[in-house]
Amino acid sequence: MTTTLLRTAGELHARARAGRRAVVMTMGALHEGHATLIRTARAIAGPDGEVVVTVFVNPLQFGRGEDLDRYPRTLDADIELAAQSGADVVFAPSVDEVYPGGEPEVRITAGPMGERLEGSSRPGHFDGMLTVVAKLLHLTRPDLALYGQKDAQQLALIRRMVRDLNFGVEIVGVPTVREEDGLALSSRNRYLSAAERRTALALSGALFAGQDRHAAQEALRARAREVPATRARAEALSAIGESRAAADTHAVATAVPGGPAAVRAAARQVLDEAARLDPPLALDYLALVDPSDFTEIGDDFTGDAVLAVAARVGATRLIDNIPLTFGSFGAAS
């Protein structure tokens with residue numbers, strides 16, 4: 001399909017609109033993760049709708065010493081990938097178009113949730129992110145906007161901003177896209193050497209270890225609910241050599257739901273081992289949080305959670321996360 005490159009909001013607003021407009025916001029250097037977002041937007045918008053991909057490297061999101069100057073800028077390749085994925089428009093405004101008159105005096109503040117995890121590691125990052133998202137929502141005027149779940153805290157803050165400030169737009173989260181070895185797709189992956197990439201696999205490895213521990217615990221809890229704690233049942237299990245399994249299952253079932261501490265420990269073990277590799281992984285944070293506010297969950301927590309990690313390998317900082325649900329089988333009887 002033909003994809004049009006536009007540089008100004010006026011050009012975008014002049015386009016005739018029929019169906020819904022779906023927007024995918026990017027900082028360029030597009031990869032398969034972005035392609036998945038664009039294809040999802042195309043499917044939601046339908047043949048009569050319009051898919052707009054924004055390409056804008058937002059200076060407000062980069063702190064002192066971060067990689068604004070070396071952030072990859074590959075507009076020609078981005079337009080090609082966007083076209084192949086189903087975009088109608090690539091909107092690539094200049095800094096002056098987005099911030100006429102210089103950096104804005106009035107900005108969106110992310111609040112307490114924006115000061116945790118990524119916000120603590122990168123002060124001011126989420127204020128800059130929300131400010132440009134608000135600007136781009138106004139400039140593109142979409143019916144819906146799609147964001148990747150890899151940036152879980154970003155997605156949560158955008159949803160909160162849209163709700164708190166009454167933006168008339170639907171926010172859609174799209175699952176993380178991974179490479180075959182498990183590494184979450186990121187524009188920053190291209191900075192990694194072969195050795196650094198091997199170390200970087202510890203991020204997803206830690207998340208998968210925590211996920212496996214969680215799944216095992218939840219499965220044991222589900223099984224325990226099907227094993228009534230009666231003497232007759234215990235004798236029957238013993239007769240077929242399952243007495244120990246029954247005991248272990250009952251112990252897990254009566255413990256705290258899902259065992260957040262055990263999930264953290266399983267993930268931490270992988271990260272500790274990666275810290276001894278060459279080159280080493282330098283952990284920024286490992287957190288198991290409530291996605292509504294990104295505070296750490298307690299051992300009695302039930303419901304949806306996010307296991308998140310951030311670390312540096314060489315000069316490259318990477319983030320990743322997976323969703324988990326605790327107590328999905330209900331309280332043990």
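Keep in mind it's a predicted model, so treat the numbers as computed, not measured.
Looking at every heavy atom in both residues, A200 comes nearest to L318 through CB-CD1, 3.7 Å. Nearest heavy-atom pair, F326 versus H214, reported as atom, atom and distance to 0.1 Å: CE2-ND1, 3.6 Å. The two residues I108 and A134 come nearest to each other via the heavy atoms CG1-CB, 4.1 Å. Residue T199 comes nearest to A274 through the heavy atom pair CG2-O, 4.3 Å, listed as atom of the first residue, atom of the second, then distance. Of all the heavy atoms in A145 and V169, the pair that sits closest is N-CG2, 3.9 Å.
Without hydrogens or angle criteria, R213 side chain to A266 main chain gives no donor-acceptor distance under 3.5 Å. Put simply, the side chain of T3 gets close to the backbone of A87: a donor and an acceptor are under 3.5 Å apart. For E103 (side chain) and Y99 (main-chain N/O), no donor-acceptor pair under 3.5 Å exists by modelled atom type. D127 places a side-chain N or O within donor-acceptor distance of the main-chain N or O of A110, the cut-off being under 3.5 Å. The backbone N or O of Q149 lies less than 3.5 Å from a partner atom in the side chain of N321, making a donor-acceptor pair. In this structure, the side chain of E296 engages the main chain of L288 through a donor-acceptor pair within 3.5 Å. Listed for the E97 side chain is a donor-acceptor partner under 3.5 Å among the backbone atoms of A9.
Looking at L281 and L203, their side chains come closer than 4.5 Å, going by heavy atoms from C-beta outward. The shortest distance between side-chain heavy atoms of L12 and R21 falls below 4.5 Å. Using a 4.5 Å cut-off on side-chain heavy atoms (C-beta onward), F91 and V23 make no contact. When side chains are defined from C-beta on, T4 does not count as touching E11, because their heavy atoms never get closer than 4.5 Å. Using a 4.5 Å heavy-atom cutoff, the side chains of I297 and R264 are in contact.
Between the CE atom of M129 and the CD atom of Q61 there is a distance of 7.0 Å, given to the nearest 0.5 Å. Annotation: the span from L185 atom CG to E32 atom CD amounts to 7.0 Å, rounded to 0.5 Å. Interatomic distance, E115 CD to S121 OG, rounded to the nearest 0.5 Å: 13.0 Å. A distance of 11.0 Å separates CG of L157 from CG of D151, quoted to the nearest 0.5 Å.
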Check your understanding: Passes side chain to side chain donor-acceptor pair (under 3.5 Å), D96 versus S94? Steps please.
Key -> CA-CA 5 Å; D96 288 340; S94 66; 5.2 Å; no
Practice item. In sequence, state the C-alpha distance, the side-chain angles, and the governing distance for Q217 and V263, and then conclude on side-chain contact (heavy atoms from CB on, under 4.5 Å). Key: CA-CA 9 Å; Q217 290 178 148; V263 171; 4.2 Å; yes
Review point. Passes side-chain contact (heavy atoms from CB on, under 4.5 Å), T74 versus R190? Steps please.
Key: CA-CA 13 Å; T74 57; R190 68 186 66 194; 4.1 Å; yes
Exercise for review: Decide yes or no on side-chain contact (heavy atoms from CB on, under 4.5 Å) for H31 and S187, but give the supporting numbers first.
Suggested key: CA-CA 7 Å; H31 50 64; S187 299; 3.7 Å; yes
Review point. Could you go step by step and tell me if S204 and R178 meet the side-chain contact (heavy atoms from CB on, under 4.5 Å) rule?
Key: CA-CA 9 Å; S204 56; R178 300 185 179 277; 3.7 Å; yes
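D293 has no carboxylate O lying under 4.0 Å from a charged side-chain N of R116, or vice versa, which leaves the two without a salt bridge. Salt bridge status for R15 with D88: absent, with no side-chain N to carboxylate O gap under 4.0 Å. Taking the charged nitrogens against the carboxylate oxygens, D48 and R20 have no contact shorter than 4.0 Å, which rules out a salt bridge.
By the rule that hydrophobic residues join a cluster once side-chain heavy atoms approach within less than 4.5 Å of another member, L6 and V98 end up as members of one cluster. Criterion: ILVMFWY side-chain heavy atoms under 4.5 Å apart, direct or through other members. Under it, L271 and L183 are part of a common hydrophobic cluster. V95 and L136 end up in the same hydrophobic cluster when Ile, Leu, Val, Met, Phe, Trp and Tyr side chains are linked at under 4.5 Å.
Of the candidates V55, D78, L37, V57, T26 forms a side chain to side chain contact (heavy atoms under 4.5 Å, CB included) with just one, namely V55. Each of V270, L117, L286 was scored for a side chain to side chain contact (heavy atoms under 4.5 Å, CB included) with V309, with one residue passing: L286.
Pairs engaging residues 272-283 under the salt bridge (charged side-chain N to carboxylate O under 4.0 Å, His left out) rule: none recorded [sequence neighbours left out]. The list of salt bridge (charged side-chain N to carboxylate O under 4.0 Å, His left out) pairs with a residue in residues 131-145, not counting sequence neighbours, reads R17-D143.
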